[in-house]
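Read through the structure below, which is laid out as structure tokens, and then see the notes.
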Amino acid sequence: MKQLPPSHFLESPDYVSQLSNEGSPVQSPSQGSGRAVNSQLIGKSGNAFGTLSAEVNNIDIINELNTVVFIHRNDPATNGQTTSQYRYAISTDGGQTFTTEVGPLNPSATGIAGGVNARYPNAIIRNPAGNTDVNNAWLIYLGSWHNGNGSGNEIWEGITTGVSKLDGALTGATENNDTINESNVTITYSLCRGLAGEYWAVGNEFKFGVLDSAIVVYKGVWNENTNDCDWSVYNRLYPGFANISDTINKLTPLIAFDPTGQFGWIASFGNFTANKVFEPYFYKTTDGGNTWQGPFIMDMSTYPTITNRLDNVNGSGIPTAAFEPNLVVDKNGDPHLFNVIGSGSDYSIQSGLNLNLYDFTYSNATQQFFPIWVDTILTFRGILATTSTGDYSQDNRVQACTTPDGSRVFVEWSDSPLNAGGDNTIPDVLACGYNVDSKLWTLGKNFTTDDLTWSGACTFPSVGFAAFRNGTTSTIPVVITKFNISGSADDPVEFHYFNNVSFDDSEFQYDKINSINNINKASYDVRVSPNPAVDFITVNSEKLNGSTVRVLNVLGQQVISTMAQNQTIQLSLNGLASGVYMVEVSNNDGTVTKRIIKK
């Protein structure tokens, strides 16, 4: 059972205390071939905390300017000053070459007690209408700050904001450290564009010493007179979470808009029942964010696409979400809320059992919410380092983006091969794409499994809201946070950009909706028990008779194969080494794979 750990989940008071005091006063199941990636160093930071949150948007692209930016915290060993200051890297040739360490954007962030301690920078590019010169575009940044006193969620004071022209000289740079919402705030997430000249972000409210049920909605408006972005709390939304006294009854909220800025969604996962599990919820706007309707809550237990993939023998059989969702909105104004789903209870996910990645979406055409199965997840939380300040771990770090026109949707995630023993300790970068027009998907693809440098070393990947589009090729901007040899997030890190995580339009060939229906037919009531197993396993299904049943090791090699002659068979595991195996059941309706552990 994996819970929201203090070392990983930003809403945990212990974790926020740790983050805000750091050092200053503070082979996948996916098909498709692996490939080597082109990477380059684009920056350094004195620690990893600026990128530790998967929901902070620290990358943005402007396709028409062929420009990508990445914002990060400062590295005192490289630039002097403090880790509270923000710097950025910029490429104007589509990520081929970069100008790095531009800044500081916020020089007054001294990082001392009683001063400004800026954290978790988000960034987005403002490109004025008709502009074709990147030097006349602007970087807008938004982060969170505290004064270095106190601990836990109480420590946060407000937001750090500002702008700078993208000319490398900090022309027109501004800096604002505002106390906002009477300091009843936490970290700001998910900075995105709305209507022309409007920008949005969200966070959780922290009030009267507790995380209450309110989602704080921030709105920024470009001020043509001051050439700055004016920020305010625009709205508070109350989803109605159950057990509101539980500080972990919800995940980080997210916000995104379609390319027009007219249709937007706020979404995430929260607990709405006595089961204490995380289920998807949504708010919708059709008027550019002026009004929001919701919440719309999805009961995952009502979708066979989800429940048929749970391990109902060894698990709770109650679907719940993992802890790092991501959200984008396509050209039709439909949301795509991605996350890993498994069995769970009491705010925990049973990570040793079946885990799958889903796209929770909505069709404006049919007015219905529904989940789409995306891929199988092999491993979950892996401890990357154990230090005096705690464990530093990585789950599946789900990220998402769209092409600038919203016609292609991409999801990127982190996973390790089965020989990692179920823990995501040697993570690769995987991705999958969806064509909004044809409604076809690509196969999931591991981009780093064959790379001599990055295979098993892709820690804390970050992706922006947008992907580059060139002809028939879409390229996802990916930045890896590379730890030093100790693996501690307290120590200096490097940021490396991958510029060839790409899909061609010819790869969108697969109808996952129909495939899901086929898999549901085959997977109905498939049971493999016991799990873990010692001497034997029993495989049972009403459709098992005539199916091929195989057991594969972590290398994908077949170690057992048989043709079922009944609805129940028993397979001997004698002679097999202890470890993780996959049980594969295939018939005319499709193939189902179950993971087991042999003791």
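These figures come from a predicted structure and were not determined experimentally. These numbers come from the heavy atoms of this one structure, side chains and all, not from hydrogens, waters or symmetry mates.
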For a 4.5 angstrom cut-off between non-hydrogen side-chain atoms, does Ile372 reach Tyr358?
no
Is Thr361 reaching over with its side chain to a backbone N or O of Pro335, donor-acceptor style, under 3.5 angstrom?
yes
CG (Asp504) and OG1 (Thr473) are apart, to the nearest 0.5 Å, by 4.5 Å
Check whether Thr449 reaches the backbone of Asn446 with its side chain - one donor and one acceptor, N or O, closer than 3.5 Å.
no
Looking only at atom types and distance, does a side-chain atom of Asn339 sit under 3.5 Å from a main-chain N or O of Ala322, one as donor and one as acceptor?
yes
Side-chain donor-acceptor pair under 3.5 Å between Gln394 and Ser414, yes or no?
yes
Is there a donor in the side chain of Lys284 and an acceptor in the side chain of Asn364, or the other way round, less than 3.5 Å apart?
yes
Looking only at heavy atoms, the pair that brings Ser578 and Lys599 closest together is OG-C, 3.1 Å
One thing to verify: whether Arg193 and Asp60 come together as a salt bridge, which I'm taking to mean a side-chain N less than 4.0 angstrom from a carboxylate O.
yes
Does any part of the side chain of Thr51, heavy atoms only, come nearer than 4.5 Å to the side chain of Val56, both counted from C-beta?
no
For side chain to side chain contact (heavy atoms under 4.5 Å, CB included), just list the numbers for Asn326 and Val411, CA-CA rounded to whole Å, side-chain angles, deciding distance to a tenth of an Å, and then say yes or no.
CA-CA 9 Å; Asn326 218 281; Val411 57; over 6 Å; no
Which residue, Phe447, Tyr497, Phe498, forms the side chain to side chain contact (heavy atoms under 4.5 Å, CB included) with Val478?
Phe498
I need the Gln293 CD to Leu237 CG distance, nearest 0.5 Å.
10.5 Å
Going by the angle between their ring planes, with limits at 30° and 60°, are Phe360 and Phe269 parallel, tilted or perpendicular?
perpendicular
Is there a side-chain contact between Asn58 and Val479, using heavy atoms and a 4.5 Å cut-off?
no
Measuring from atom CD1 of Ile255 to atom OG of Ser268, what distance do you get when rounded to the nearest 0.5 angstrom?
12.5 Å
Tell me whether Asp437 is salt-bridged to Lys331, with the criterion being a basic N under 4.0 Å from an acidic carboxylate O.
yes
Nearest-0.5 Å distance, CG of residue Leu327 to CZ of residue Phe257:
10.5 Å
Using a 3.5 Å distance criterion without hydrogens, assess whether the side chain of Asn271 forms a donor-acceptor pair with backbone atoms of Lys276.
yes
Can Ser474 and Arg469 be counted as having a side-chain donor-acceptor contact under 3.5 angstrom?
yes
Ser190 and Asn57: side-chain donor and acceptor closer than 3.5 Å?
no
Could you please spell out the steps behind the side chain to side chain contact (heavy atoms under 4.5 Å, CB included) verdict for Asn587 and Thr548?
CA-CA 7 Å; Asn587 57 34; Thr548 298; over 6 Å; no
Is there a side-chain contact between Val549 and Ile569 (heavy atoms, below 4.5 Å)?
yes
Answer yes or no: is there an ion pair linking Arg381 with Asp395, defined by an N-O contact shorter than 4.0 Å?
yes
Scanning both residues in full, the closest heavy-atom pair of Ala466 with Ile61 reads CB-CG1, 3.5 Å
List the atom of Leu310, the atom of Gly317, and the distance in Å for their closest heavy-atom pair.
CD1-O, 3.5 Å
Does some side-chain heavy atom of Phe465 sit less than 4.5 Å from a side-chain heavy atom of Cys401?
no
Donor-acceptor pair between Asn566 and Thr568 side chains, under 3.5 angstrom
no
Under the 3.5 angstrom rule, does the side chain of Ser529 hit a backbone N or O of Asn531 as a donor-acceptor pair?
no
Test your reading of the model: is there a side-chain donor-acceptor pair from Thr448 to the backbone of Val429, 3.5 Å cut-off?
yes
Any side-chain heavy-atom pair of Trp265 and Asp334 under 4.5 Å:
no
So Phe338 and Trp441, would you call those rings parallel, tilted or perpendicular, with 30° and 60° as cut-offs?
perpendicular
Under the side chain to side chain donor-acceptor pair (under 3.5 Å) criterion, do Thr459 and Arg397 qualify, and how do the steps go?
CA-CA 9 Å; Thr459 49; Arg397 186 90 175 177; over 6 Å; no
Phe536 vs Leu571, side chain to side chain contact (heavy atoms under 4.5 Å, CB included): CA-CA, chis, key distance, verdict:
CA-CA 5 Å; Phe536 67 91; Leu571 301 177; over 6 Å; no
Aromatic rings Phe483 and Phe460: how do their planes relate, parallel, tilted or perpendicular, breaks at 30° and 60°?
tilted
Between Ser393 and Ile383 (side chain of the first, backbone of the second, donor and acceptor by atom type, cut-off under 3.5 Å), is there such a pair?
no
Smallest heavy-atom separation, Ala242 atom then Asn249 atom, equals O-ND2, 3.2 Å
Closest non-hydrogen atoms of Leu337 and Ala267, given as atom of the first, atom of the second and distance, are CD2-CB, 4.0 Å
Intermediate values then yes/no, side chain to side chain contact (heavy atoms under 4.5 Å, CB included), Ile266 and Leu254
CA-CA 6 Å; Ile266 292 171; Leu254 303 158; over 6 Å; no
Side chains of Lys445 and Phe503: closer than 4.5 Å at any heavy-atom pair?
yes
Quick one: does Asp451's side chain have a donor or acceptor within less than 3.5 Å of a partner on Trp454's backbone?
yes
So, Ser301 versus Asp299: side-chain donor-acceptor pair below 3.5 Å or not?
yes
Taking the cut-offs as 6.0 angstrom to the six-membered ring centre and 45 degrees off its axis, would you call Arg408 and Tyr434 a cation-pi pair?
no
Under 4.5 Å between any side-chain heavy atoms of Ser462 and Gln399, yes or no?
yes
Lys512 side-chain N/O to Val374 backbone N/O, donor-acceptor pair under 3.5 Å:
yes
Rounded to the nearest 0.5 Å, the CG atom of Asp258 sits from the OG1 atom of Thr402 at a distance of 9.5 Å
Determine the sole option in Tyr281, Tyr303, Phe282 for which the ring-ring contact (aromatic ring centres under 6.0 Å, His included) test with Phe369 is passed.
Phe282
Does any donor atom in the side chain of Thr472 or Asp505 lie under 3.5 Å from an acceptor atom in the other side chain?
no
For the residue pair Phe278 and Tyr347, categorise the inter-ring angle as parallel (less than 30°), tilted (30 to 60°) or perpendicular (more than 60°).
tilted
Please check if any side-chain donor atom of Asp346 sits under 3.5 Å from a side-chain acceptor atom of Ser348, or the reverse.
no
Non-hydrogen atoms of Asp423 and Thr379 that approach each other most closely
C-CB, 3.7 Å
Is it the case that the side chain of Glu324 and the backbone of Ala54 share a donor-acceptor pair, with hydrogens and angles ignored and the cut-off at 3.5 Å?
no
The reported gap from CG in Asn540 to CD in Gln567 (rounded to nearest 0.5 angstrom) is 7.0 Å
